[in-house]
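Worksheet: one structure, shown below.
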Amino acid sequence: MSARKAFYVTTPIYYVNDAPHIGHAYTTVAGDVLTRWHRQRGEQVWYLTGTDEHGTKVERTAEANGMSPADWTHKLVHESWLPVLATLDVANDDFIRTTSGRHRHGVAVFWQRLKDNGYVYEDVYEGPYCVGCEEFKLPGDLIESSDGEQLCPIHSKPVEMLSERNWWFKLSAFTEPLLEHYKRHSHAVEPKSAYNEVVSFISSGLSDISMSRSAVSWGVPLPWDSDQVVYVWFDALLNYITAIGFGASPDTPEGERFDRIWPADVHLVGKDILRFHAVYWPAMLMAAELPLPRKVFAHGWLLVGGEKMSKTKLTGIAPSQITDTFGADAFRYYFMSAIHFGQDGSFSWEDMHARYTAELANGLGNLVSRATAMVVKYCDGILPEPGPYTNADRNLQDSLLAASERADSAMMRLDFSAGIAAIRGFVEAVNLYVTEQEPWKLAKDDEQTPRLHTVLYVMCESLRAIAVLYNAVMPAAMTSVWSRIGALPHLGPLAERDVTEVSRWGQLPPGALVAKGGALFPRIEETP
RNA sequence: GGGGCGGUAGCUCAGCUGGUUAGAGCGGCGGACUCAUAAUCCGGCAGGCCGUGGGUUCGAGUCCCACCCGCCCUACCA
């Protein structure tokens with residue numbers, strides 16, 4: 001058992017009141033690709049996702065549906081949120097629910113510690129409150145409706161005036177420490193535009209913030225004041241530590257796990273929740289004397305028809321709408337390759353279909369077909385021994401080395417589209433190689449048999465490398481390739497192959513049994 | 001109001017510190033080939049007032065100013 005620090009990646013925990021859409025799926029897939037890649041570098045990895053289940057909105061929806069909040073969230077988690085992970089082929093190590101005992105316990109321990117450390121005090125607050133946002137608004141935040149009513153600018157719904165005796169977190173104490181931290185760690189928030197936004201916000205000075213609610217019952221009670229619950233955001237953020245054992249004593253297995261996994265290496269977040277993760281969260285951790293996350297990465301929006309995807313505009317798309325037609329692998333491939341991670345990206349069915357057809361069906365899928373078909377046809381499905389290599393063969397090996405190095409460096413910096421582009425470039429090089437070497441002509445001349453065998457071997461050995469490189473993105477399809485080229489009995493499970501050794505030539509042994517399967521990515525004629 | 005980002009071929013986007021005829025992929029057209037999912041490979045073509053209007057410069061998509069449009073952050077007056 002290794003004591004190495006695990007590479008720890010998190011998604012936001014998703015608010016159960018929403019239906020899962022491709023925006024949620026996008027974040028989750030990104031984390032899955034990232035963690036699968038790191039696992040294939042031989043690293044210890046921990047990948048966490050989960051659900052955020054407390055707050056007034058959930059409480060009211062449950063009530064409207066005639067259920068208790070506990071029953072209501074249980075139903076949503078099991079009918080909507082957990083199935084999405086299976087739909088997308090996500091290999092998370094854990095799934096945290098804020099309603100779970102370990103989380104509620106950890107939250108109580110955490111805030112008690114902050115109170116003991118002197119960062120929590122009592123005060124009265126009066127002001128407009130938006131239930132949709134679950135937060136107090138400043139009068140200046142509000143917009144006025146046509147009939148003079150004060151509305152929340154985000155939800156365009158009337159605010160409620162509340163006067164509360166609350167507990168407050170001394171956020172103001174962390175203005176300078178946070179600035180110092182971000183000055184020292186200029187990559188702790190990415191992309192750069194997000195970093196600049198965060199630093200600029202902190203520079204303008206931080207105000208203390210209310211961390212509890214008295215009018216809400218669906219939440220985690222304060223350990224020292226059972227009339228109040230922890231404000232939902234200051235409950236939710238803690239999932240990143242409660243899930244891995246915070247709150248357990250250090251000599252227990254849970255406590256040891258916390259020490260091995262924390263701090264997070266990457267918090268993946270949408271840019272809408274950047275401030276919570278890059279300002280409030282690190283301040284809370286400082287107050288608790290815990291290490292800070294190494295990176296918060298804010299990705300962009302998925303745009304549909306040029307606008308941010310939205311349920312009210314009927315542009316919200318469920319992941320299954322896409323996977324039912326194209327499959328989970330194509331879903332993962334499309335969103336990771338077509339959109340530069342960190343920027344907004346356009347989704348359209350036309351683009352999805354076009355890239356699927358060109359890059360997966362005609363490009364990669366067809367390459368697998370032609371390689372396996374020829375080994376079956378010319379060599380009875382037994383991978384032949386290669387003869388002497390020519391320049392063409394060596395050039396292809398060189399391009400594999402270059403592609404794998406570029407892919408690794410891109411994946412390490414979360415530039416998924418560049419990583420995939422590097423691998424796709426190698427696939428295209430192999431297709432070109434096949435066309436130029438014309439093995440079907442070599443097959444017609446017995447004297448050319450050694451050369452034919454070399455070409456067929458190069459093709460299959462290339463597929464071996466492609467399967468390893470693409471496994472993080474398309475695990476199911478690449479597992480199929482792994483099996484078709486007969487790699488499994490000789491090389492073991494695909495997921496255990498190290499991406500940093502992928503370019504070492506000659507790993508697939510001659511004699512491997514090659515089989516032709518059905519279309520890896522069948523052509524799809526109709527678009528929904 | 002202030003700040004930031006984006007507005008480049010039909011579509012999605014590259015174009016660093018200004019320099020010869022502004023690029024890629026996809027789509028469209030032509031050719032080669034037949035192992036393969038009518039796939040692959042090659043070639044050319046098309047076609048873009050590089051958001052608008054000024055300015056600096058021998059020369060600007062690339063710098064400066066103003067403005068228009070989209071989005072984000074932030075502040076706020078009646």
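Chain letters run A, B, ... following the sequence lines, proteins first, then strands; residues in each count from 1.
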Rounded to whole Å, CD of A:Glu436 lies from C1' of B:C33 at a distance of 12 Å
Out of B:U37, B:C33, B:C71, minimum distance to the side chain of A:Arg523 belongs to B:U37
Here the gap from A:Arg523 atom CZ to A:Leu360 atom CG, rounded to the nearest 0.5 Å, amounts to 12.5 Å
Checking B:C41, B:C26, B:C73 against the side chain of A:Thr435 (C-beta onward), the nearest is B:C41
Within residues 360-372 of chain A, those residues having any heavy atom closer than 4.0 Å to RNA chain B are A:Ala361, A:Asn362, A:Gly365, A:Asn366, A:Ser369, A:Arg370
At less than 4.0 Å, is any side-chain N or O atom of A:Ser346 found next to OP1 or OP2 of B:C13? Yes or no.
yes
Mate of B:C71 across any strand shown (Watson-Crick or G-U wobble, both atom pairs under 3.5 Å) is B:G4
Test: A:Arg406 and A:Asp415 ion pair at under 4.0 Å: no
Rounded to the nearest 0.5 angstrom, the CG-CD1 distance for A:Leu463 and A:Ile485 is 6.0 Å
Discussion item. Between A:Arg36 and A:Asp32, does any side-chain N to carboxylate O distance fall below 4.0 Å?
Written reply: yes
Testing B:C35, B:U37, B:C72 for proximity to the side chain of A:Lys444, the answer is B:C35
request  = Just call it for A:Tyr378: base, sugar-phosphate, or nothing, with non-hydrogen atoms closer than 4.0 Å on any strand.
outcome  = sugar-phosphate
Exercise: do A:Asn196 and A:Ser193 side chains pair donor with acceptor under 3.5 Å: no
Subject >> Charged N-O contact under 4.0 Å between A:Asp208 and A:Lys170 >> reply: no
Quiz prompt | Rounded distance in Å between the P positions of B:G27 and B:A39 | solution = 10 Å
5'-most contact on RNA chain B (nearest-nucleotide basis), A:Glu438 vs A:Thr357, goes to A:Glu438
(Q) Considering every strand and a 4.0 Å limit on heavy-atom distances, what is the contact class for A:Leu274: base, sugar-phosphate, or nothing? (A) nothing
Atom CG of A:Leu302 and atom P of B:U12 are separated, to the nearest Å, by 15 Å
RNA chain B nearest-nucleotide lookup for A:Leu432 and A:Phe521: closer to the 5′ end is A:Phe521
Margin query: So A:Lys516, base contact, sugar-phosphate only, or nothing? Heavy-atom distance under 4.0 Å.
Written below: sugar-phosphate
A:Lys441 atom NZ is separated from B:C33 atom C1', nearest whole Å, by 7 Å
Whole-Å distance, A:Glu359 CD to B:G27 C1', equals 13 Å
To the nearest angstrom, the NE2-P distance between A:His353 and B:G27 comes to 11 Å
Notebook entry, point to check: How far, in whole Å, is B:U62 from B:G15 if one measures between their P atoms?
Noted result: 15 Å
For B:A24 versus B:G18, give the span between their P atoms, rounded off to a whole number of Å. 24 Å
message: Give me the distance, rounded to whole Å, that separates B:U12 from B:G55 when you measure between the P atoms they each carry.
response: 33 Å
Check: If we take the C1' atom in both B:G23 and B:A14, what is their distance in whole Å?
Finding: 7 Å
Using Watson-Crick geometry (N1-N3 plus N6-O4 or O6-N4) or G-U wobble (N1-O2, O6-N3), each under 3.5 Å, B:C76 is paired with none
Practice prompt. Could you tell me whether the side chain of A:Trp505 reaches within less than 4.5 Å of the side chain of A:Leu400, counting heavy atoms only?
Written response: yes
Rounded to whole Å, the CZ-C1' distance (A:Arg355 to B:G25) equals 7 Å
By the Watson-Crick or G-U definition, both distances under 3.5 Å, B:C16 is matched with none
To the nearest angstrom, the CG-C1' distance between A:Asn196 and B:G2 comes to 16 Å
Ranking B:A36, B:A14, B:C35 by distance to the side chain of A:Trp440, first place goes to B:C35
- Message: Any base atoms under 4.0 Å from A:Gln343, or only sugar-phosphate, or nothing? Heavy atoms, all strands.
- Response: sugar-phosphate
Picking from B:A36, B:C41, B:C72, the nucleotide nearest the side-chain atoms of A:Asn431 would be B:C41
If we take the P atom in both B:G6 and B:C49, what is their distance in whole Å? 22 Å
P spacing across the pair B:U21 / B:C50, given as an integer number of angstrom
15 Å
Whole-Å distance, A:Asp351 CG to B:U12 P, equals 8 Å
*Same-atom distance (P) from B:C29 to B:U37, integer angstrom*: 23 Å
**Request:** Could you tell me whether A:Arg394 and A:Asp398 make a salt bridge, using a distance below 4.0 angstrom between a side-chain N and a carboxylate O?
**Result:** no
A:Leu508 and A:Arg464 have their tightest heavy-atom pair at N-CD, 4.0 Å
Any side-chain heavy atom of A:Phe169 within less than 4.5 Å of one from A:Tyr231? no
